[in-house]
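Down below is the structure, laid out as structure tokens.
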Amino acid sequence: MFQTMPLWPARASSMANNVDALYIFLLVVSGMMTLLIFIMVVFFAVRYRKRPGHHAEQIDGSHALEITWSVIPFFVFMVFFGWGAWIYFQERKPPQNAAEVYTVAKQWMWKFEHMEGQREINELHVPIGRDVKMIMTSQDVIHSFFVPAFRIKQDVLPGRYTVAWFHPTKAGTYHLYCAEYCGTQHSGMVGSVVVMEPKDYEAWMGGGGNQPLAVTGERLFSELGCITCHRADTQGRGPTLAGIYNKPVLLEDGRTVTADDNYLRESILQPTAKVVNGFKPIMPTFQGQISDEQLNALVAYVKSLGQQPSGQTGGKSIAAARPQTE
Amino acid sequence: MSEHVSSLKLYIGIWITLLIGTVLTVVVAKIPLGPFNAVVALSIATIKATLVVLFFMHVKYTHEKLTRVVIISALCWLAILLALSMADYATRLW
Amino acid sequence: MATAVIETGERETYLNKEYGIKSWLLTVDHKRIALLYLMGITFFFFIGGFFALLIRLELLTPAGDLVQADTYNKLFTMHGQIMVFFFLIPAVPAVLGNFLIPIMIGAKDLAFPRINLLSWYLYMIAGVMMLYTIINGGVDTGWTFYTPLSTEFLNTHVISAGLSIFVAGFSSILTGLNFVVTTHRMRAPGMTWSRLPLFVWAHYATSIIQLLGTPVLAITLVLVVAERLFHLGIFNPALGGDPLLFQHLFWFYSHPAVYIMILPGMGIVSEIVCCFSRKRVFGYQAMALALLGIAVVGFLVWAHHMFVAGISLYAALIFSILSYFVAVPSAIKVFNWTSTMYKGSISYQTPMLYAFGFIGLFTMGGLTGLFLASLGIDVHVTDTYFVVAHFHYIMVGGMVMAYLGGMHFWWPKISGKLYPEAWGRLAALLVFVGFNLTFFPQFVLGYMGMPRRYWDYSHSPEYQILNVLSTAGATVLAVGYLLPMVYFLWSMRYGKPAPDNPWNAAGLEWKIPSPPSTYNFEEQPVVTWEAYNYDELDKRAEEVPVAH
Amino acid sequence: MHTSPPATVEGVAHENPALLHHFATEEQQKNAANLGMWVFLATEIMFFGGMFFAYLVYRYWYFGDFGAGSQSMNVTLGGTNTAVLICSSLTVALAVRAAQLGKQKMIVVCLILTMLLGLVFLGIKGVEYHDKFVEHHVPGPSFYFPGHVPGHVNIPINQQHAQIFFSLYFIMTGLHALHMIIGVGLFAFITLHAMRGRYHPNYYTPVETAGLYWHFVDIIWIYLFPLLYLIDRSQ
Ligand code: HEA
Ligand code: HEA
Ligand code: CUA
Ligand SMILES: [Cu+2]
């Protein structure tokens with residue numbers, strides 16, 4: 001009836017060890033604190049129990065003690081804080097060379113698009129040993145991408161991209177959950193992450209015959225007519241898009257912003273929200289006309305434009321993100 | 001304890017100052033000062049509000065420190081709400 | 001003054017002064033209003049508990065078999081909303097606070113008796129609106145109302161639920177307003193700030209939060225309702241809005257609100273621990289300052305509920321470190337209660353058993369709060385059962401225990417009757433055991449990764465055993481909660497009459513008859529002693545033995 | 001409801017029928033009412049504060065569109081309304097003064113003036129709302145707000161962002177107007193009492209506390225006016 005009952009989640013990413021270490025540290029420290037307090041309560045309750053001839057001894061308090069038990073816990077807390085913050089920064093700052101997987105969440109499923117063009121629903125295949133960066137958005141409400149075995153979680157918001165990344169270390173099939181309540185089938189919005197040995201992964205990959213995402217984007221780019229304004233030379237009515245990813249852009253109203261994923265997304269959906277300096281706001285909005293998947297392909301394409309062979313700009317496919325040391 | 005009764009003159013004076021402040025706000029808004037337009041507008045508003053609180057609402061004459069504490073803490077709490085949440089909005093793109 | 005003989009039915013008390021429905025529904029006596037509140041709050045506790053039992057039954061098996069998915073979502077939503085807004089936030093302030101604060105400071109009533117009655121009516125109107133919502137099919141937003149789910153995607157009764165909480169919020173604001181003004185203006189001669197019982201200090205701190213936090217919730221709910229009706233876009237990213245704005249506004253209230261839920265309990269525990277250790281509280285000043293400290297610093301940490309929501313990394317750092325600041329005064333309190341027992345003369349009556357439970361379980365709940373405030377851990381455990389276990393440890397293990405402890409402690413004063421002590425101890429034990437059995441397994445579940453608000457976990461059946469334990473615990477807990485309900489009612493009729501001061505406790509409330517008369521004091525009391533003067537009391541008790 | 005004093009209270013003579021049973025002295029009662037109103041106003045600051053927060057966020061994000069929305073406001077009407085409210089604050093202050101000095105007639109006159117000014121304010125607000133309605137500036141399906149961002153002919157107005165501006169405009173001014181209506185109601189009640197001569201130099205707490213409330217509503221408007229009407233006007 002009951003399957004095996006583990007009491008600890010699998011440890012399948014580089015982050016899992018860090019998180020578990022901190023967790024165990026917290027368990028030990030707070031376990032000791034709890035024990036200390038339990039023991040004191042029980043000991044006092046027994047030792048000073050009410051009995052004939054025994055009187056309470058009035059004690060007003062002690063400043064020295066008050067200070068001790070504020071300052072010592074405070075320093076312990078700062079360790080909790082610092083360690084936690086350190087892990088958080090690692091969790092939140094994806095490495096430069098991470099492979100990218102575009103993710104669209106909707107009530108109640110997960111859609112993944114690899115840069116190579118593979119599409120998956122509720123299942124995500126990744127190889128061991130690569131950094132994988134999830135670029136995620138939602139079509140409707142807030143969801144949350146949660147893989148306990150990776151100790152990773154990130155809310156997926158409508159209207160913008162959020163990012164999560166991980167580095168799988170152990171082959172296996174792991175739970176993927178939606179962790180933010182999102183309506184009726186919230187608990188049905190589950191799936192799995194399959195971590196494979198690189199060669200199995202290659203085999204799985206080869207099966208598809210898919211078009212890489214950026215190629216799909218390129219096709220869309222001409223189908224939707226983007227190409228008429230955004231030409232490779234500087235003669236178009238719109239700015240040339242080559243190499244703009246992650247570069248600063250000067251806007252018409254004098255501000256400067258970085259052309260990150262969210263900026264590209266907004267530029268396509270709400271072109272007038274941030275107009276590029278020196279251009280007319282003639283670009284039509286594509287909101288409601290293209291799906292989130294198409295949008296992702298366009299963004300992936302724009303990012304791939306003008307990317308140097310060794311370059312740091314564009315998004316990477318999992319295959320291209322192979323670490324040098326492998 | 002007798003309550004402080006302010007003179008008619010004072011009330012009229014404050015009233016006129018407030019009206020002048022209003023005109024001033026409108027006039028200054030038309031002068032291009034960049035982001036300082038907002039600063040000036042809000043400063044004038046704050047001066048007006050202070051006058052109302054001190055003289056019309058008699059805070060200047062009350063012996064009760066508590067009233068001041070209540071006002072100041074409400075403003076501090078508003079500042080907490082605005083400052084800490086803007087800490088998020090201002091640094092989201094970093 | 002304190003006559004050992006009770007002439008039941010002869011002396012005029014607040015209970016027998018007038019009879020009839022009208023004399024209750026139009027009363028402005030804070031004690032009667034407290035009892036009115038008690039009825040409403042008990043009612044909602046059992047409704048909320050009933051939903052909790054259904055939740056637990058559903059989770060007994062991995063498959064979603066007992067109720068439909070939508071029904072389950074409504075169950076936890078209404079469980080959360082009722083328990084938070086209709087039970088725990090008003091529970092101690094509106095019942096015990098209302099009853100005791102005027103008496104403890106030597107006043108005849110709260111500063112604004114009619115506003116006090118008004119806030120009860122608002123509470124009831126809100127309650128009726130909530131019942132209307134439930135009967136009409138309920139609401140399934142989660143107690144947190146996250147947008148755009150709540151504003152654009154659900155077609156349940158979000159508006160009536162939102163407005164009901166809006167009204168309940170005003171009831172809470174008015175209670176807080178009354179307490180603040182009463183504490184400032186109505187203290188008897190000699191009742192200086194440094195002589196106030198910690199119970200009053202705790203309510204004063206609570207009131208600050210109610211006053212400065214609740215209005216923000218009110219405006220947030222107004223915006224949610226407006227958004228839902230007119231699709232303005234303020235919280236809707238599809239229309240240019242920011243869903244995180246909603247979360248900021250919501251948690252700006254709802255984090256401090258968790259301290260509305262715990263501070264009054266801390267007040268109760270201070271009274272109980274002192275009385276049953278026969279000691280002055282250890283570090284009175286530190287205790288009072290810690291209460292205020294929690295109330296103030298509690299306003300600086302709200303975004304720790306949003307660490308994975310997409311806020312700025314740097315803001316997350318700020319909110320994480322500030323969350324640790326608020327834990328320091330909590331630590332002070334725990335250590336001071338423990339030290340108060342040192343060299344005391346401790347007896348184990350029911351209220352004290354609950355206080356023991358509170359200290360232990362609040363510590364565990366609080367310490368797991370520190371896990372959550374640690375950014376790296378929170379990413380993994382947020383929105384899992386770890387969080388559910390954390391807050392039930394504080395709210396049920398801490399606050400409900402404190403509430404029950406307080407009810408037992410002051411029941412003789414409120415009703416004029418003694419409750420059966422043996423049954424009391426049994427119930428306390430059941431609650432403690434049942435509680436731990438219910439919620440401890442959830443910590444493990446949470447770290448394993450079981451997400452909260454899951455109706456069905458058939459894809460991960462390995463969670464079942466722990467869930468079975470949890471459900472079993474909840475049944476024990478249910479019995480533990482039903483018992484006091486039964487024997488309190490029983491004691492009202494059959495209980496032994498209570499002496500004025502059954503515990504030989506300090507505090508003005510024990511110097512007047514049980515139950516008190518309408519105006520509490522025959523003559524204006526003048527306070528000449530410090531709070532918790534147990535050595536004097538015990539010396540006097542040795543000279544004149546009290547009927548015990 | 002419960003005005004009859006209990007027989008048991010210590011020897012204080014109850015000449016003043018307005019002294020409630022649970023207060024020892026008139027001063028205590030007055031101080032309690034005064035503090036109560038101030039504390040209530042503190043909650044009001046946070047109530048409007050939530051709106052100011054939403055306003056701040058979107059003004060920061062969508063400054064241009066907010067500027068455009070703001071420029072469609074009628075500054076003359078808004079400015080006039082500011083002046084009207086300031087005048088009403090004066091009349092309230094004078095009403096309190098009249099009560100302090102025991103000038104019965106004067107209290108009534110000042111209060112009636114205040115209410116009139118309040119109604120004028122609401123009337124003008126109504127005109128402005130009506131204009132917005134006619135111009136299709138009311139958020140909803142028929143919302144339409146063409147044009148460009150002030151100072152940038154190149155940047156057209158984003159309809160959604162402008163709609164957020166107008167939503168905030170209507171909610172903030174609407175809640176403010178609701179406070180005005182409540183204030184007028186309060187004063188109507190107090191005027192009736194004043195006509196019966198219930199207020200005198202020893203007892204005028206209701207006039208005073210209602211006055212505090214009115215001044216507060218005035219202060220909110222003092223901020224709303226520049227925030228909503230005067231964004232980026234220099235362009
Ligand atoms: C009464 C209610 C209550 C109280 C008092 C608290 C108290 C605390 N809470 Fe909790 N919390 C909730 C109710 C409460 N909480 C609820 C309802 C939620 C979930 C809401 C939802 O999403 O539905 C929540 C969620 C929640 C989260 C978000 C989790 C998430 O969703 O990701 C966090 C994160 O920081 C947190 C932290 C804390 C902290 C640091 C405290 C601190 O105040 C605790 C301080 C106390 C102690 C620390 C114990 C005593 C100290 C010692 C004995 C010191 C000695 C120790 C050492 C030296 C190590 N809480
Ligand atoms: C004060 C607050 C409070 C209290 C007291 C409780 C009490 C309990 N809670 Fe609850 N709980 C919350 C606040 C509270 N809870 C909140 C805020 C949430 C989050 C909601 C959300 O996610 O939106 C939550 C969520 C929550 C969940 C998670 C649901 C999910 O995420 O899917 C669970 C699951 O076990 C649970 C269980 C319980 C149990 C077993 C009790 C027990 O302690 C209850 C014991 C009481 C009884 C059992 C009553 C006994 C009465 C009877 C038996 C009589 C029968 C009644 C009638 C005939 C009318 N609660
Ligand atoms: Cu998607 Cu929960
Ligand atoms: Cu919190």
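All values below come from the heavy atoms of this structure, side chains included, with hydrogens, waters and symmetry mates left out. Every chain is numbered from 1, with letters handed out A, B, ... down the list of sequences.
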Hey, which of [options] has the most heavy atom pairs under 4.5 Å with chain D?
options	value
B:A41, B:A38, B:S6	B:S6
B:L75, B:V28, B:V70	B:V70
B:G34, B:A49, B:G21, B:P35	B:A49
B:A45, B:A74, B:P32	B:A45

Could you state the interatomic distance from [atom1] ([X]) to [atom2] ([Y]), rounded to the nearest 0.5 Å?
X	Y	atom1	atom2	result
D:W38	B:I71	CH2	CD1	4.0 Å
D:L41	D:F47	CG	CZ	13.5 Å
B:T25	B:I20	OG1	CD1	11.5 Å
D:I45	D:I220	CD1	CD1	7.0 Å

Looking at chain B, which one of [options] has the largest number of heavy-atom pairs inside 4.5 Å, strictly under?
options	result
D:L56, D:I86, D:V96, D:D218	D:I86
D:T82, D:V39, D:L227, D:V57	D:V57
D:C87, D:G79, D:G50, D:P201	D:C87
D:R233, D:Q100, D:E44	D:Q100

Is the shortest distance from a Lys or Arg side-chain nitrogen in D:K30 or D:E27 to a carboxylate oxygen in the other one below 4.0 Å? no
Between D:E208 and D:Y199, is there a side-chain donor-acceptor contact under 3.5 Å, judged purely by atom types and distance? no
Measure distances from [X] to the heavy atoms of chain B and classify the residue's part below 4.5 Å as side chain, backbone, both or neither.
X	value
D:I231	neither
D:L212	both
D:Y204	side chain
D:L90	both

N/O donor-acceptor pair under 3.5 Å between D:Q71 side chain and D:D232 backbone: yes
Ignoring hydrogens and geometry, is there a side-chain-to-backbone donor-acceptor pair from D:S70 to D:Y229 under 3.5 Å? yes
If the test is ring pair (Phe, Tyr, Trp, His ring centres under 6.0 Å), which one of D:W61, D:Y60, D:Y58 qualifies with B:Y89? D:W61
Select one option (side chain, backbone, both, neither) describing which atoms of [X] are under 4.5 Å from chain D's heavy atoms.
X	answer
B:T17	neither
B:V40	neither
B:L8	both
B:R68	neither
B:L66	side chain

Does D:F121 reach the side chain of D:H176, with side-chain heavy atoms less than 4.5 Å apart? yes
Counting only heavy atoms not in D:K103, do more than 12 sit closer than 6.0 Å to its NZ atom? no
